[in-house]
Amino acid sequence: MVAESERTFLGLDLSTQQLKAAVVDNNLQIIHEASVMFDSDLPEFRTHGGVLLSKTNPNVITAPTVMWVKALDMLMDKLTVSGVDFSKTAAVSGSAQQHGSVFWQKGSEKILASLDPGQFLHQQLASSFTVNNSPVWMDASTTVQCRQLEEAVGGALKLAEITGSRGYERFTGSQIAKIAQAKPEAYKNSERISLVSSFLCSLFLGKIAPIDISDGSGMNLMDIRTKQWNSQLLEVVGDNLDEKLGSVVPSSTDVGPISSYFVERYSFDPSCRIIACTGDNPSSLVGMRLNEGWLAVSLGTSDTVFLWLKEPKIVPDGHILCNPVDPEAYMAMLCFKNGSLTRERVRDSCAESSWDIFNQLLDSTPRGNFGNMGLYYDVQEILPFLSGDYRFNKAGDRVAKFTSLEVEVRALIEGQFIAKRAYAEDIGFTLGKDTKILATGGASANKAILQVLSDVFNAPVYLQEESKSAMLGAAYQAKHGLLGKHSNYVEVTSCLPPPRLICEPYADAAEIYEPMVERYRKIVSSLIK
Ligand SMILES: O=C(CO)[C@@H](O)[C@H](O)CF
């Protein structure tokens, strides 16, 4: 057994474009990192952005399962060469792209349990999959199967109420249903079906690992309240699916000792424990150390709002997942497709493509923007389901353009954050005096934008420096899971520096933005109908 002060934790993130890992010390400080980029480090698989695009159907998007296995072989060698002493690793956990699925060939569990430490994993597992190219989250070819799942339980809202989301093409239930319908032999010969996260866990465990409740919430198959598979939905998807999926476990579950393969090949201590792996978004919540009362806003190409919820409220286009650190709580994900690309479009058209000019224009207009409001969508938005630009003046009339560049810039930023607040409140987030906002993602470097975020939510905004929140969340989860039930995730991560306070709301923020949120809701309902 490794001494507490000496022990380390290994966290991995099997994302769309790469497999990366961090080794952290007992104080959760990174001491080693490595990554394998699928496209450039494994060119023999000929992926683009880590995936394969079908030549016949642009909606069919997969990834070679064995590529992920070979990437782990390479990653472990990179970590070994960089001097990692795996004998000190007390626990391992991982995160992975959500919704993807891995179909294990009959007999593969026996192979996993008796791997030869003298050979690479990929050499021994090359024939262990009935579906060689795993469906991944970018696939959009399962609309028929989405409707089948919705009809099975009484409609889209009912499916959302049971599983946390209405039917989505990328969700695993529809993907498995498509395999069962289009490749019945492959489905029949699959002894187990994993998510990408539980597949990664299986490689370290030396047997098929259970699906965790948080990533399991992204399948349209699991009841998020009972944490059990919904039998009506499993029946619609395929025969004996419950046996193929196995039972789910809480996300910080210690699922067993590390496989002897890793002990003998990489000198892990046999006492090293494997903690359940989970989806990249739940793992990001862990890595951001999100807690009750906090709301995280990831400002990237698309914007994502992460919420910690005590109880779920269902909105037709939000995602409710079981919480990865507190199995009695929930988390929500609200995805807004029109994020940084739309901010850049307005920057280019109003501010000569300069963020400095953009920020000057933003700072030169008052909070509330003289009563003007705007909604800007370059691509079909999810929340709300709209595309195009919509501008409204103080009188509430829709106008083709605003009177000044400054008004346009502020209308964009206020409109984006007012939408986020409206949907966060709709899904059950209660804004109060203890509310704190955690900003992350590329645009969180812009303080002028964060000030508007703070004013709209009437809450202080903190900055999450770390951009690798999913991978670090896995490393933190490894320690949290090892310490087991007695451990409190807040205490486990209390050794880390607190997020940095960036800005606080102006005193008039509440009186200005509360009416604007209500006005936003009225505008959207008038546009949607
Ligand atoms: O589909 C998603 C979440 O629902 C994506 O964030 C994937 O998890 C990215 F890998």
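Both counts, for ligands and for their atoms, begin at 1 and track the order of listing.
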Aromatic ring proximity, centroids under 6.0 angstrom, Phe171 and His319 = yes
Under 4.0 Å from one or more heavy atoms of Gln97, ligand 1 contributes atoms 10 (F)
Verify whether one side chain among Gln145 and Glu169 offers a donor that lies under 3.5 Å from an acceptor in the other.
->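 There is no such pair (donor and acceptor under 3.5 Å, judged by atom type) between the side chains of Gln145 and Glu169.
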Charged N-O contact under 4.0 Å between Asp317 and Arg166 = yes
Crowding at NZ, Lys183 (>12 non-hydrogen neighbours, <6.0 Å) |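 No - once you tally the heavy atoms of other residues, nucleotides and ligands closer than 6.0 Å, there are 12 at most.
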Within 45° of the six-membered ring axis of Phe417 and under 6.0 Å from that ring's centre, is NZ or CZ of Arg421 located there?
->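 No, Arg421 does not lie over the aromatic ring of Phe417.
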Return the residue, atom name and 0.1 Å-rounded distance of the protein heavy atom closest to atom 6 (O) of ligand 1.
-> Asn281 ND2, 2.9 Å
To the nearest 0.1 Å, how far is atom 1 (O) of ligand 1 from its closest protein heavy atom, and which atom is that?
-> Arg170 NE, 2.8 Å
Just going by heavy-atom distances, which of His99, His319, Met138 is nearest to atom 2 (C) of ligand 1?
-> His99
Checking heavy atoms under 4.0 Å, the part of Thr16 that sits near ligand 1 is side chain
Sub-3.5 Å N/O-N/O distance, Asp280 and ligand 1 = yes
Whether Met333 lies under 4.0 Å from ligand 1, heavy atom = yes
Could you pull out all residues at least two apart from Asp378 that satisfy side chain to side chain donor-acceptor pair (under 3.5 Å)?
-> Thr342, Arg345
